[in-house]
Amino acid sequence: MEYNFSDIESKWQKAWKNSQTYKVDIDRNKAKYYVLDMFPYPSGAGLHVGHPLGYIASDIYSRYKRLCGFNVLHPMGYDAYGLPAEQYAIQTGQHPAVTTKENINRYREQLDKIGFCYDWSREVRTCEPIYYKWTQWAFIQMFNHYYDTALDKAMSISDLIAQFEKNGTEGVSAASSVELKFSAEEWNSKEETEKLSVLMNYRIAYKADAMVNWCPALGTVLANDEVSEGLSVRGGYPVEQKVMSQWCLRVSAYAGRLLEGLERIDWTDSLKEAQRNWIGRSEGAELSFKIKNQETELIVFTTRADTIHGVTFMVLAPESDYVQIVTTEEQKNAVDAYLDQVKRRTERERMTDKKVSGVFSGSYAINPVTGDEIPIYISDYVLAGYGTGAIMAVPAHDSRDYAFAKHFNLPIIPVIEGVDVSEQSMDAKDGIMCNSTFLNGLSVKEAIVCAKQYIKEKGLGRVKVNYRLRDAIFSRQRYWGEPFPVYYKNGVPTMLPEDKLPLLLPEIDNYLPTENGEPPLGHATKWAWDEKNACVVENTKIDQISVFPLELNTMPGFAGSSAYFLRYMDPNNEEALVDRQVNDYWQNVDLYLGGTEHATGHLIYSRMWNKFLYDLGIICKDEPFQKLINQGMIQGRSNFVYRVKGTNQYVSVGLKDQYDVQPIHVNVNIVSNEVLDIDAFRAWMPEYKDAEFILEDGKYICGWAVEKMSKSMFNVVNPDDIVAKYGADTLRLYEMFLGPLEQSKPWDTNGIDGVHRFLKKFWGLFFKGEEFCVSEENPTAEELKTLHKTIKKITWDIENFSFNTSVSAFMICVNELSAMKCNKKEILSALIVLLASYAPHVCEELWSLLGNKTSVFDASFPICNEEFLKETAVKYPISFNGKVRFTLEMPADLNKTEIEEMALANEQTIKQLDGKSPKKIIVVPGKIVNIVF
RNA sequence: GCUCUGGUGGUGGAAUCGGUAGACACGCAGGACUUAAAAUCCUGUGAUCAUUGCGAUCGUGCGGGUUCAAGUCCCGCCCGGAGUACCA
């Protein structure tokens with residue numbers, strides 16, 4: 001009987017839906033396993049063939065885990081807030097909620113066709129009030145907590161207030177934006193509003209004037225991970241630096257724990273490394289330099305305290321607060337001119353053009369160790385946001401300082417023996433110290449330790465760990481995002497009462513900023529908070545007595561995606577983000593699949609967010625994603641035809657060098673194995689109607705290139721088309737067969753026929769002509785062997801995410817069984833269960849044809865009989881490459897003659913065992929014998 | 001610059017702990033079936049030389065090394081991809 005995949009697939013997709021086969025509930029008799037995909041942003045373009053790669057892999061894994069007896073949570077949802085829907089709304093006036101809903105429906109339709117085992121009853125959408133209520137709730141919690149650096153956890157802000165009332169800042173250990181010092185009397189005598197503004201310095205969600213990445217084209221600020229090389233990641237628009245009052249999250253307070261936590265999770269080294277670099281821990285010292293004739297001390301951060309004797313000048317960032325203090329009357333004009341010049345340069349110019357620039361401030365600092373007077377400069381090579389925004393310059397051992405010193409003709413003093421600094425600096429932490437009084441003769445490594453010790457003892461500064469990781473800017477000047485649960489009472493940001501959440505996103509009729517430059521929410525007419533009645537009211541009622549304006553910013557994209565994995569556990573709970581008992585069962589994600597592009601964004605924020613909730617006791621695990629696998633990107637594979645310039649003639653790729661040609665993208669869907677469907681090409685566009693072709697071997701062969709998958713390159717392949725032509729099971733197997741999961745690779749349908757042929761052969765094992773024909777006989781040893789080696793291989797492959805090689809193993813298995821004409825029920829049943837995770841529809845169909853009343857996914861995964869494989873290994877050696885190998889342990893201490901003797905002795909044994917003469921014998925002492933027949 | 005990754009036939013890729021390199025698949029060539037085509041099946045397919053049957057030599061980006069044995073380990077380079085960057 002023919003393998004009719006489209007009937008089979010629609011039949012089982014319906015059956016699964018009707019019987020809720022994939023619905024999952026807490027079952028305390030079973031171990032849980034949580035498999036999660038990074039949820040998609042539903043874009044207008046729909047899914048292309050690259051998107052499902054990770055979903056297929058996680059689907060296989062979930063089904064496998066279920067067959068192994070786990071209670072598997074495998075949900076899916078949508079990251080529904082985002083820029084594209086809003087940009088579309090600006091252009092068309094279509095409400096983002098409408099387009100988002102349409103896109104979600106389209107995504108769902110596409111996903112369903114591939115036959116995933118998601119429990120859709122747990123779906124979340126970040127733009128739904130029932131969901132974003134908890135995003136707003138978490139924000140309020142962050143506002144109401146500070147980070148205690150001694151306890152290393154988030155604590156209630158009321159604890160901090162109690163400490164201030166009792167002892168002021170004395171003994172307080174709290175992460176803060178600025179280090180403040182005040183006594184209990186000073187605190188208690190402060191006005192209420194003043195107290196609130198002091199507390200902002202400590203809150204985990206806080207509002208502050210921050211240097212932000214402002215993107216004029218998008219009309220919003222962006223987080224650091226949303227900017228790359230001075231351009232916005234979305235859209236590629238220029239980004240400038242600007243000071244604005246913004247909500248921020250004190251992510252930096254969690255830097256140490258984010259770093260430490262990496263040790264306990266099972267991620268790839270490269271991803272952990274990317275996070276380590278982004279967090280950027282560096283150990284060093286803060287050093288105070290006295291300024292000549294002034295009270296103020298200049299504090300710098302350095303990792304090279306050992307080079308203190310080589311300091312010949314100081315440099316301040318242009319934005320540094322020190323600039324005003326150290327600039328002298330005589331230098332004021334020069335400094336102002338320089339600051340003005342720096343301000344006019346965009347971030348991008350500053351990065352691309354690394355020309356040395358700077359200005360002398362007029363002041364001198366005193367080197368605390370040598371007592372030398374050294375000039376203080378201002379230059380934009382020093383960043384305001386890192387360390388203290390000021391550095392001690394050691395031109396002999398830092399290439400940037402070196403370039404600066406050469407440019408301004410400043411002295412360069414080497415402090416490491418035998419270093420020539422006439423051409424370049426010596427940056428390596430290597431060598432023996434010199435010119436350094438008490439450090440002379442020490443190695444650099446010893447000197448770093450010794451110098452830090454010296455600094456501490458003499459009270460010149462303190463040992464300090466610095467992080468590169470900065471707080472996240474949490475405001476966006478956009479419409480399509482979560483509204484902040486915040487109103488402004490006489491200018492003071494105040495949280496809405498928790499029981500009034502969610503604060504619903506208002507309707508507006510214009511998605512652009514307002515005339516006076518406010519974010520789009522400024523257009524909302526009903527957007528004010530009536531404190532007394534605790535409800536949203538018309539703007540016109542604002543009286544600043546009991547009705548106040550609401551926040552006009554919205555939250556960024558990562559807000560909704562930071563805790564969604566928790567919500568899947570308990571998606572309809574209206575009392576809590578997640579019930580604690582429910583969380584105790586599902587705990588955290590065991591396996592998370594997604595792209596590397598989230599390494600420094602989502603994967604940092606969600607870890608931080610999760611740790612915060614853990615500190616509050618809401619959840620039981622502080623790391624959200626135990627194991628993480630990155631699937632590679634599927635790139636587009638474009639095809640080209642070559643038009644002879646100035647004609648309507650097209651030449652096949654092999655002959656194109658003989659003509660003057662112009663390559664033209666051609667729709668990949670009318671090309672098969674590089675051969676162009678000429679009729680389809682003529683019909684494709686009117687301009688090709690009368691095209692003529694210069695063929696090779698009677699065919700038109702196209703050229704190809706790997707490019708991004710995009711409409712303009714005509715290389716987008718839609719999964720629906722593949723499903724229609726070959727079936728979902730073929731698509732699933734083929735995507736896995738394409739190559740290693742983690743590797744990026746171009747989509748190319750050249751091999752899909754082979755996979756489809758395999759499924760037909762597999763189907764064919766169960767039929768004799770038109771008849772379904774399966775034998776109840778006991779299988780032979782040879783048949784069992786084929787089965788068990790396949791079980792062994794598939795089990796290993798799934799557990800190691802080596803899905804591509806397991807498809808090969810299935811092909812070999814089916815080839816062998818069909819060569820043996822095996823139709824034994826025992827073998828075939830096991831094979832169905834084995835393959836079911838990969839090709840669920842066809843397996844479910846065959847499983848039911850075998851007379852089973854329940855789903856194949858209620859069966860158990862077959863177990864490999866290792867003993868049997870070992871026993872048969874001599875007679876029927878295991879081998880996946882089609883050749884025969886016999887292995888035998890050999891004693892370790894043999895010389896060459898003994899080895900040869902051993903080999904000859906074994907040759908006899910092998911002959912007796914197998915009745916054949918070996919072709920070749922390879923013998924290795926201490927290892928194994930390889931005998932090839 | 002730094003960090004991470006990768007480099008194997010005409011193509012995608014396999015080789016899981018240092019043990020026959022090229023599994024499996026595509027493509028190609030030849031054959032069977034067919035009036036013909038499609039579909040299906042069979043055979044061959046790293047290179048060079050030898051082909052009368054055997055075979056022989058080379059071969060995993062390049063150059064060295066360790067080992068009985070290296071695609072795999074070590075040292076030094078070359079090339080591609082990704083991330084990140086005046087981070088003191």
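Only this structure's heavy atoms are used, side chains among them; waters, hydrogens and symmetry mates stay out. Residue numbering restarts at 1 for every chain, and letters A, B, ... go by the order of the sequence lines.
- When distances are taken from the side chain of A:Phe737 to each of B:U84, B:A25, B:C87, the shortest belongs to B:A25.
- The aromatic rings of A:Tyr386 and A:Phe301 sit perpendicular to each other, their planes meeting at more than 60°, with 30° as the lower class boundary.
- Between B:A21 and B:A56, the two P atoms lie 14 Å apart (nearest whole Å).
- Within the 4.0 angstrom heavy-atom criterion, no nucleotide atom of any strand lies near A:Asp269.
- We find that A:Glu263 and A:Arg276 are joined by a salt bridge, their nearest charged nitrogen and carboxylate oxygen being less than 4.0 Å apart.
- Residue contacts shown for A:Pro740 are limited to sugar-phosphate atoms, with no base heavy atom under 4.0 Å away.
- A sub-4.0 Å separation between OP1 or OP2 of B:A88 and a side-chain N or O of A:Ser282 is present.
- Not a single donor-acceptor pair under 3.5 Å links the side chain of A:Ser425 to the backbone N or O of A:Asp427.
- Remark: the separation of the C1' atoms in B:C49 and B:A37 is 41 Å, to the nearest Å.
- At a cut-off of 3.5 angstrom, the base of B:C87 holds at least one donor-acceptor pair with the side chain of A:Arg470.
- Within 4.0 Å (heavy atoms only), A:Asn750 reaches sugar-phosphate atoms of the nucleic acid but no base atom.
- With both pairing distances under 3.5 Å, B:G22 is matched to nothing as a Watson-Crick or G-U wobble pair.
- Pair assignment for B:C58: B:G46, on the basis of Watson-Crick or G-U wobble contacts that are both within less than 3.5 Å.
- Taking the O4'-C1'-N9-C4 or O4'-C1'-N1-C2 dihedral as appropriate, B:C17 has a value within 90° of 0 and is therefore syn.
- Checking B:G9 for Watson-Crick or G-U wobble geometry (two distances, each under 3.5 Å) identifies no partner in any strand.
- With both pairing distances under 3.5 Å, B:G1 is matched to B:U84 as a Watson-Crick or G-U wobble pair.
- Between A:Asn804 and B:A14, a side-chain N or O to OP1/OP2 separation shorter than 4.0 Å is present.
- Residues A:Ser802 and A:Thr805 have side chains that bring a donor and an acceptor to within less than 3.5 angstrom of each other.
- Within 4.0 Å of A:Leu738, counting heavy atoms only, lie sugar-phosphate atoms of the nucleic acid but no base atom.
- Classified by interplanar angle (parallel below 30°, tilted 30° to 60°, perpendicular above 60°), the ring pair A:Tyr377/A:Phe404 is perpendicular.
- Both distances falling under 3.5 Å, in either a Watson-Crick or a G-U wobble arrangement, occur for no nucleotide opposite B:U67.
- When Watson-Crick and G-U wobble pairs are counted only if both distances are under 3.5 Å, B:U40 pairs with B:A32.
- Contact check, A:Tyr467 against B:C87: no side-chain N or O comes under 4.0 Å of OP1 or OP2.
- If you take CZ of A:Phe758 and P of B:C41, they are 14 Å apart, rounded to a whole angstrom.
- Applying the ring-ring contact (aromatic ring centres under 6.0 Å, His included) test between A:Tyr734 and each of A:Phe758, A:Tyr726, A:Trp747, A:Tyr838 identifies A:Trp747 as the sole match.
- Residues A:Leu271 and A:Ile752 each lie close to RNA chain B; by heavy-atom proximity, the contact nearer the 5' end of the strand is made by A:Leu271.
- If you take atom P in B:G6 and the same atom in B:U72, they sit 13 Å apart, rounded to whole Å.
- Contact annotation: side chain of A:Lys792 to base of B:U16, donor-acceptor pair absent below 3.5 Å.
- Whole-Å rounding puts the A:Lys452 NZ to B:A88 P distance at 13 Å.
- The residue among A:Ser270 and A:Thr596 whose nearest nucleotide of RNA chain B is located toward the 5' end is A:Ser270.
- Ring geometry for A:Tyr61 versus A:Tyr64: interplanar angle of 30 to 60°, hence tilted.
- Side-chain atoms of A:Asp797 lie closest to B:U16 of the nucleotides B:U16, B:C86, B:C24.
- The nucleotide B:A14 finds no pairing partner, because no Watson-Crick or G-U wobble arrangement with both distances shorter than 3.5 Å includes it.
- Going from atom CD of A:Gln743 over to atom C1' of B:U5 covers 10 Å, rounded to whole Å.
- Rounded to a whole Å, the CD atom of A:Glu226 is 13 Å from the P atom of B:U84.
- B:G18 and B:G65 have their C1' atoms separated by 15 Å, given to the nearest Å.
- In this structure, A:Tyr381 places its OH atom 8 Å from C1' of B:A88, rounding to the nearest Å.
- Regarding A:Tyr322, its OH atom lies at a distance of 15 Å from the C1' atom of B:A88, rounded to whole Å.
- Atom name P, nucleotides B:G22 and B:A14: the rounded distance is 15 Å, in whole Å.
- In this structure, A:Asn277 atom CG and B:A82 atom C1' are separated by 13 Å, rounded to whole Å.
- For the OP1/OP2 pair of B:G83 and a distance below 4.0 Å, the side-chain nitrogens and oxygens of A:Gln275 include no atom meeting the criterion.
- In this structure, the CG atom of A:Asn639 is 14 Å from the C1' atom of B:U11, given to the nearest Å.
- Nucleotide B:U51 forms no Watson-Crick or G-U wobble pair with any nucleotide shown, as no partner meets the under 3.5 Å limit on both distances.
- The side chain of A:Arg757 contributes an N or O atom lying less than 4.0 Å from OP1 or OP2 of B:U40.
- Using a 4.0 Å heavy-atom cutoff across all strands shown, A:Lys761 reaches sugar-phosphate atoms only and no base atom.
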